[in-house]
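Quantities reported herein were computed from a predicted structural model and do not represent experimental measurements. In what follows, chains are A, B, ... by sequence order, proteins preceding strands, each numbered from 1. Worth knowing before you read on, the calculation uses all heavy atoms, side chains too, and leaves out hydrogens, waters and symmetry mates.
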There are 2 protein chains.
Amino acid sequence: MSERPIQHRDAERTRAELLEVATSVFADSGYSGARIDEIARRTRTTKRMIYYYFGGKEQLYLAVLESVYRGIRDKEQTLQVEEMDPADSLRRLSEITYDHHMANEEFIRLVAIENIHRGRFIRQIDSLRDLSKPALGVLDTILDRGRDEGRFRTDVDALDVHLLISSYCVFQVANQYTFGYLFDRDLQAEDQRSHLRSMIGDVVVAWVTERT
Amino acid sequence: MSERPIQHRDAERTRAELLEVATSVFADSGYSGARIDEIARRTRTTKRMIYYYFGGKEQLYLAVLESVYRGIRDKEQTLQVEEMDPADSLRRLSEITYDHHMANEEFIRLVAIENIHRGRFIRQIDSLRDLSKPALGVLDTILDRGRDEGRFRTDVDALDVHLLISSYCVFQVANQYTFGYLFDRDLQAEDQRSHLRSMIGDVVVAWVTERT
DNA sequence: CCGCTAATGTAACATCCGGTACGTTCATAA
DNA sequence: TTATGAACGTACCGGATGTTACATTAGCGG
């Protein structure tokens with residue numbers, strides 16, 4: 001038996017592992033449904049460490065929330081919608097958002113869970129507010145360009161567009177199970193993807209494009 | 001102390017009261033978060049009766065799910081989108097859907113909860129499938145009319161339109177807490193309502209309207 | 001090599017919570 | 001009136017679950 005040179009007593013590793021597993025368990029089962037014992041069991045450490053590093057179940061959940069939001073925003077900031085035709089930019093942004101949501105079901109689930117709790121936990125993390133608003137900057141730039149070129153309506157707000165795109169993309173992930181069951185359509189199916197992926201861009205562009 | 005002539009031993013009333021309170025508690029706290037004791041406490045009967053009438057927590061939750069879905073579909077079927085201009089009909093349908101969702105937060109929350117559970121419970125209630133699909137009939141009729149008049153695109157599916165409208169309306173209720181907090185905009189605020197209410201109709205009409 | 005402390009493990013505790021055993025009461029029908 | 005069963009209440013059980021008291025070990029500075 002080859003003893004792996006496991007780094008024992010690695011505070012950072014232990015903490016990180018707990019956070020990672022906790023993210024997965026909370027996303028799976030919700031706050032009440034998640035079990036401290038299960039989180040511990042799935043790591044290489046014990047329940048005791050959750051209290052040592054986080055203080056308790058609630059603080060662990062808060063740490064999870066903050067970490068996933070930061071992770072998402074970090075990823076978002078690396079995305080670049082290149083300088084191009086404003087309509088194409090909107091399409092591109094829509095597709096990026098779509099892909100992004102599809103690839104981060106765990107995050108969407110945690111957001112849904114947080115909303116079930118009426119935002120009770122997220123309200124305790126002030127730092128997240130400042131993280132979100134800049135996300136509208138790109139959209140604002142695109143809309144400005146389109147308006148300058150006289151091709152976009154002037155009465156459409158960036159936040160409204162964001163709301164529209166978010167709604168669509170979040171729904172496909174968050175409500176896939178009930179929708180899929182009730183209407184017999186698997187929103188995650190490969191053959192649906194390309195259609196659904198391009199659809200929201202069409203919708204947005206059709207909406208913001210000025211008609212004469 | 002005037003003894004109210006309460007009807008004791010009224011099986012139907014007891015069952016109904018349990019179901020009503022359970023709906024509220026499950027919508028508030030989720031399946032795991034809901035407490036059998038709390039449900040009982042909020043009724044005029046005892047915990048024992050939950051097991052007498054429903055069998056257990058899970059069966060009670062299933063009964064709640066089925067009853068709210070039936071209630072929603074019943075209400076939907078009484079709605080009539082009158083014969084009028086297809087574009088106006090779409091706007092009207094959008095607004096009806098918007099109002100409907102805003103007025104039924106409890107239902108939206110139960111759907112969200114069910115999706116957190118990946119539809120595990122709803123899949124046990126076959127009867128709900130047949131209840132949902134007819135809801136697309138109205139939409140189909142409107143789209144047909146618009147297409148016949150040569151004013152709507154021919155490649156837009158009723159289910160796609162439904163998906164778009166649902167996404168938008170569900171999101172406003174389901175994600176109001178995180179969205180409201182992160183972007184500092186209360187989606188339920190009175191002054192937002194009229195704008196958000198008319199917006200989705202504009203979006204849909206712009207999208208399905210044929211441009212030449 | 002020693003001592004100190006951060007990091008970890010063990011084992012239990014106290015409470016919560018879904019579920020049930022058992023007894024009681026009321027309404028109805030014969 | 002009485003027998004009977006549906007409807008209801010009480011009190012409790014047993015396991016699950018978040019939390020902690022206490023003991024232990026590894027690793028680092030001196």
Quiz item: Checking salt bridge (Lys or Arg N to Asp or Glu O under 4.0 Å) for the pair A/Glu12/A/Arg15: CA distance, chi angles, key distance, verdict?
Solution: CA-CA 5 Å; A/Glu12 247 176 275; A/Arg15 212 192 111 98; over 6 Å; no
Quiz item: What's the verdict on ring-ring contact (aromatic ring centres under 6.0 Å, His included) for A/Phe107 and A/His101, showing C-alpha distance, side-chain angles and the deciding distance?
Solution: CA-CA 8 Å; A/Phe107 173 71; A/His101 282 67; 7.5 Å; no
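- Electrostatic pairing of A/Arg91 and A/Glu95 does not count as a salt bridge here, judged by no charged N lying under 4.0 Å from a carboxylate O.
- Annotation for B/Arg73 and B/Ala135: closest pair NH1-CB, 4.3 Å, computed over non-hydrogen atoms.
- Atom CZ of A/Arg42 and atom CD of A/Glu17 lie 12.0 Å apart (nearest 0.5 Å).
- Within residues 25-39 of chain B, the residues having any heavy atom under 4.0 Å from DNA chain C are, by residue number, B/Ala34, B/Arg35, B/Ile36, B/Asp37.
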Quiz item: Please walk me through it: do B/Tyr61 and B/Phe54 pass ring-ring contact (aromatic ring centres under 6.0 Å, His included)?
Solution: CA-CA 9 Å; B/Tyr61 176 74; B/Phe54 297 94; over 10 Å; no
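- Centroid-to-centroid, the aromatic rings of A/His162 and B/Phe183 come within less than 6.0 Å.
- Taking the ring centroids of A/Phe171 and B/Tyr168, they lie at or beyond the 6.0 Å cut-off.
- The CZ atom of A/Arg13 sits 15 Å away from the P atom of D/dA26 (whole-angstrom rounding).
- Salt-bridge formation is detected for the pair A/Asp28/B/Arg118: a Lys NZ or Arg NE/NH1/NH2 atom is positioned less than 4.0 Å from an Asp or Glu carboxylate oxygen.
- To the nearest angstrom, C1' of C/dC26 lies 13 Å from CG of B/Asp10.
- At whole-Å resolution of the value, CZ in B/Arg9 and P in D/dG5 are 15 Å apart.
- Side-chain polar atoms of A/Arg9 and A/Thr14 form no donor-acceptor pair below 3.5 angstrom.
- Rounding to whole angstrom units, CZ of residue B/Arg41 and P of D/dG9 are separated by 16 Å.
- Rounded to 10 degrees, the angle between the two end axes of the helix from C/dC1-D/dG30 to C/dA30-D/dT1 is 0°, with five pairs used at each end.
- For the OP1/OP2 pair of D/dA7 and a distance below 4.0 Å, the side-chain nitrogens and oxygens of B/Thr14 include no atom meeting the criterion.
- For the segment residues 45-56 of chain A, residues with any heavy atom less than 4.0 angstrom from an atom of DNA chain D are, sorted by number, A/Lys47, A/Arg48, A/Tyr51, A/Gly56.
- Listed for the B/Arg185 side chain is no donor-acceptor partner under 3.5 Å among the backbone atoms of B/Gly180.
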